[in-house]
Structures are given as structure tokens and as C-alpha cells.
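Have a look at the structure below before the remarks.
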Amino acid sequence: MRLSLLFRVTGIVIFIQLALGGLVTFDFLGPIIHAATGVLVLALVVVVLAMAWRSKPAFPPLRGLSAGLVTLVAAQILLGLYDLRTDSQIVAWLHLVVALGIYGMAIAGSFMAMRFDHMRSQAPASAPPAQTA
Ligand code: HEM
């Protein structure tokens, strides 16, 4: 699978996760499904990071963004678990703010990865032979 496609799929799953979170907040849904999709999001961003890390040529901005996404999603899961234990409004607010950051990074990453895939497809298969005078 191409990195840009995986980023887009991840962005869609994150969007659904935000919508499920809203349903939990307004008591339309218990937290189990939302927590399970949180683990799915973590699995997706780990695969994104692995692909970004292994892609050739290296594209450091995409690697950094993917590493940031994994860190934020892991922190988000901890915040969600803490929120379940404490029912704290501050933690719920932090959970919302981090969710917005995660979504924004997923969208930015999708565009970066599209550009990266495009650059790779335009690059010549091998370097041209060196010119001798
Ligand atoms: C990628 C991971 C996650 C994202 C993007 C996410 C996003 C959200 C969003 C946008 C909300 C609604 C706004 C809010 O109340 O903060 C929410 C609510 C909530 N989430 Fe998550 N969430 C994630 C993972 C988890 C996990 C793993 C758990 C629990 C184990 C969890 C537990 C909750 C709870 C309990 C609420 C209701 C908060 C309240 O109203 O007190 N979340 N989530």
C-alpha cells in the first residue's frame, strides 16, 4: 500500500474516532467501542511510522510527523484511560485538545505523503551517467 493512501485511511479512522468520542461525551455510547478504535488508531499510526521510516529516499519531515503522531496517540490513550478513572473535566478537555492535534497532523501528513509519493514517481529510475569533458 502507498504511504499516502495509508495516511488517508488513517485520517478517516481518526475522524470516526473523534465522532465516537463525541457520542461518549453526550452519553449516546459507552466508552468500550471508542477505546477499541483508539487501539486501532494506534496500530495504524505505528504502521505509518514504520513505512515512513523505511521509505527511500528518506523524507525527514514525514518521519518526524509520523513519530509525533505515534507519541500523541499513545498519550491520548493514557488520557482516555485516566478520564475513565477520574471523570475529570480538565482531563476530558485535554483529551479533546490532543484529539484536534492528532486530526490536524493526520491531514497534514496525508498531503505531505501525497507530495512525497508524487516526487518519487517523478524521479528517474537511476542517476544519469556522469558527463566527461
Ligand atoms: C486516538 C485515540 C483517541 C481519540 C482521537 C479520542 C478522541 C476523543 C474525543 C474527540 C472525545 C470528545 C471530546 C472529549 O470529551 O474530550 C473523546 C471523549 C472520550 N474519550 Fe477518547 N479518544 C481516543 C482514545 C480514547 C481511549 C483509548 C479511551 C479510553 C480508554 C478514551 C476515552 C474517552 C472518554 C471516557 C471520553 C468521554 C470524556 C468525557 O466526556 O468525560 N478515548 N475522545
Side-chain angles (χ1 to χ4, degrees):
M1 187 190 263
R2 290 163 74 91
L3 187 54
S4 57
L5 179 60
L6 183 63
F7 245 114
R8 268 177 282 167
V9 170
T10 304
I12 291 168
V13 176
I14 289 173
F15 179 81
I16 292 169
Q17 177 67 344
L18 264 69
L20 289 175
L23 292 179
V24 177
T25 299
F26 296 112
D27 280 338
F28 290 115
L29 188 76
I32 301 288
I33 294 177
H34 178 66
T37 40
V39 175
L40 172 66
V41 171
L42 180 65
L44 283 169
V45 293
V46 166
V47 176
V48 162
L49 176 63
M51 276 181 76
W53 215 262
R54 292 174 44 179
S55 59
K56 298 256 179 320
F59 191 39
L62 202 53
R63 288 182 177 181
L65 188 135
S66 309
L69 253 182
V70 171
T71 309
L72 276 192
V73 171
Q76 182 73 334
I77 288 175
L78 294 180
L79 278 174
L81 290 171
Y82 194 66
D83 188 23
L84 276 182
R85 268 175 52 133
T86 59
D87 214 8
S88 149
Q89 289 196 336
I90 296 282
V91 177
W93 174 75
L94 276 177
H95 194 67
L96 172 67
V97 173
V98 174
L100 294 176
I102 290 171
Y103 186 60
M105 284 168 78
I107 300 297
S110 296
F111 281 97
M112 254 190 215
M114 264 157 51
R115 188 165 164 71
F116 177 62
D117 282 343
H118 180 72
M119 270 163 34
R120 264 202 310 199
S121 66
Q122 300 289 306
S126 58
Q131 299 249 327
T132 48

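Order of listing sets the numbers, starting from 1, for every ligand and every atom in it. Throughout, residue positions are numbered sequentially from 1 according to the sequence presented.
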Enter the distance from [X]:[atom1] to [Y]:[atom2] here, rounded to the nearest 0.5 Å.
| X | Y | atom1 | atom2 | value |
| --- | --- | --- | --- | --- |
| M114 | M119 | CE | CE | 13.5 Å |
| H95 | I102 | NE2 | CD1 | 8.0 Å |
| L23 | H34 | CG | NE2 | 9.5 Å |
| F116 | R2 | CZ | CZ | 10.5 Å |
| T10 | L69 | OG1 | CG | 8.5 Å |
| L49 | M51 | CG | CE | 11.5 Å |

Would one find more than 12 heavy atoms of other residues, nucleotides or ligands at under 6.0 Å from atom [atom1] of [X]?
| X | atom1 | value |
| --- | --- | --- |
| Y82 | OH | no |
| I32 | CD1 | no |
| R120 | CZ | yes |

What protein heavy atom lies closest to [atom]? Include the residue and the distance to one decimal.
| atom | result |
| --- | --- |
| atom 39 (C) of ligand 1 | D83 OD2, 3.5 Å |
| atom 31 (C) of ligand 1 | H34 CD2, 3.3 Å |
| atom 35 (C) of ligand 1 | L84 CD2, 3.5 Å |
| atom 28 (C) of ligand 1 | G80 CA, 3.6 Å |
| atom 9 (C) of ligand 1 | G21 CA, 3.8 Å |
| atom 6 (C) of ligand 1 | Q76 NE2, 3.3 Å |

With heavy-atom distances below 4.0 Å as the criterion, list the atoms of ligand 1 near [X].
| X | result |
| --- | --- |
| V41 | 1 (C) |
| V24 | 34 (C), 36 (C), 37 (C) |
| G22 | 12 (C) |
| L81 | 29 (C), 30 (C) |
| I77 | 27 (C) |

Could you check whether any side-chain heavy atom of V45 comes within less than 4.5 Å of a side-chain heavy atom of L72, counting everything from C-beta outward? no

If you measure every N or O of W93 against every N or O of ligand 1, does any of those distances drop under 3.5 Å?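 In fact, backbone or side chain, W93 has no N or O that close.
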
N or O contact, A92 vs ligand 1, cut-off under 3.5 Å: yes

Looking at ligand 1, is there an atom of it that comes within less than 4.0 Å of some heavy atom belonging to I14? no

Check L96 against ligand 1 and report side chain, backbone, both or neither, counting heavy atoms closer than 4.0 Å.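 L96 to ligand 1: contacts from backbone and side chain alike.
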
Parallel under 30°, tilted from 30 to 60°, perpendicular over 60°: which one fits the rings of F15 and Y103? tilted

Can you check which of T25, L29, I32 brings a heavy atom nearest to atom 15 (O) of ligand 1?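 The residue whose heavy atom sits nearest atom 15 (O) of ligand 1 is T25.
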
Heavy-atom proximity to atom 17 (C) of ligand 1, best of H95, Q17, Q89: H95

